[in-house]
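Computed from a predicted structure; not experimentally measured.
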Amino acid sequence: MTGWRAHLVSREVLPFYLALLMLGGGALLLDALLHLLDVVWIGRWLGIPGTLLILGSFGYSLARRKWIMVASPAGLLRLHERMAWAGSLLVLVHAGVHFNAILAWLAVWAMLINIASGLTGKFLMQRARLRLEETRARLRAQGLSEAALEESLHWDSLTFDIVRRWRVVHYPVTLAFAVLALAHILAVFWHWSWR
């Protein structure tokens, strides 16, 4: 494998798949531990803290829309990623292997698609930003003036702007997940044995 391809795989492709594998593996490991300790009933309740973590991760979206003010948007993005990942882990353990609940499984699949969408956006944005910065640095080193630099980077900048609009895909996926999760939660309360 050539140098740039190996670099691309190790820097961008592997972290994406490792994040997904760690989520799936972590859920399987935690579920196996609950079974081993004969406390599977705990998994039923993990949906609550998982949902709360996922809801808390929306603080980043609120900050992006300037609904709340934060000192460090980058720090809030990392917190968003970690809370969403941990919440998703708990929800996956909560879901277990119960094939009788169609609505719950639709919500889980929507959550998994949302996670994949979020990770895709994260790595696409990093790649596009890095490529634009590397090209800008290379052209500056060649001695291009600012006007010539901007002209040379026009198409790259437009491409970066298009990649930044990945959220146009991520938001509807998030909304579908939210609607299905809410429907699942309401169904649980509807069918709950309140005795």
Identify the heavy atoms of [X] and [Y] that sit nearest to each other, and give their distance.
X	Y	result
Arg44	His94	O-ND1, 2.9 Å
Val108	Ala95	CG2-CB, 3.6 Å
Phe177	Ala110	CA-CB, 3.7 Å
Ala19	Trp85	O-NE1, 3.5 Å

Results of side-chain hydrogen bond (donor to acceptor under 3.5 Å, both in side chains) for Thr174 - residues two or more places apart only:
Asn114
Thr51: which residues meet the side-chain hydrogen bond (donor to acceptor under 3.5 Å, both in side chains) condition with it, sequence neighbours left out?
none
In the hydrophobic clustering that connects Ile, Leu, Val, Met, Phe, Trp and Tyr at side-chain heavy-atom distances below 4.5 Å, which members other than Leu182 occupy its cluster, ordered by chain and number?
Leu186
Are [Y] and [X] co-members of a hydrophobic cluster defined by side-chain heavy atoms under 4.5 Å apart?
X	Y	result
Val93	Leu36	no
Leu29	Ile42	no
Leu23	Val91	yes
Ile54	Tyr171	no
Leu90	Leu52	yes

Just so I know, are the side chains of [X] and [Y] near enough to count as touching, which here means a heavy-atom distance under 4.5 Å?
X	Y	answer
Ser57	Leu79	no
Leu46	Leu34	yes
Leu92	Met111	yes

Which pairs count as ring-ring contact (aromatic ring centres under 6.0 Å, His included) when at least one residue sits in residues 24-50, sequence neighbours excluded?
Trp45-Trp192
Any ring-ring contact (aromatic ring centres under 6.0 Å, His included) involving residues 52-81? Give me the pairs, sequence neighbours left out, ordered by first then second residue.
Tyr60-His80
Quick one: salt bridge (Lys or Arg N to Asp or Glu O under 4.0 Å) partners of Arg82, sequence neighbours excluded?
none
The reported gap from OG in Ser145 to CG in Leu139 (rounded to nearest 0.5 angstrom) is 10.5 Å
Working to the nearest 0.5 Å, report the span between CZ of Arg140 and CD of Glu133.
10.5 Å
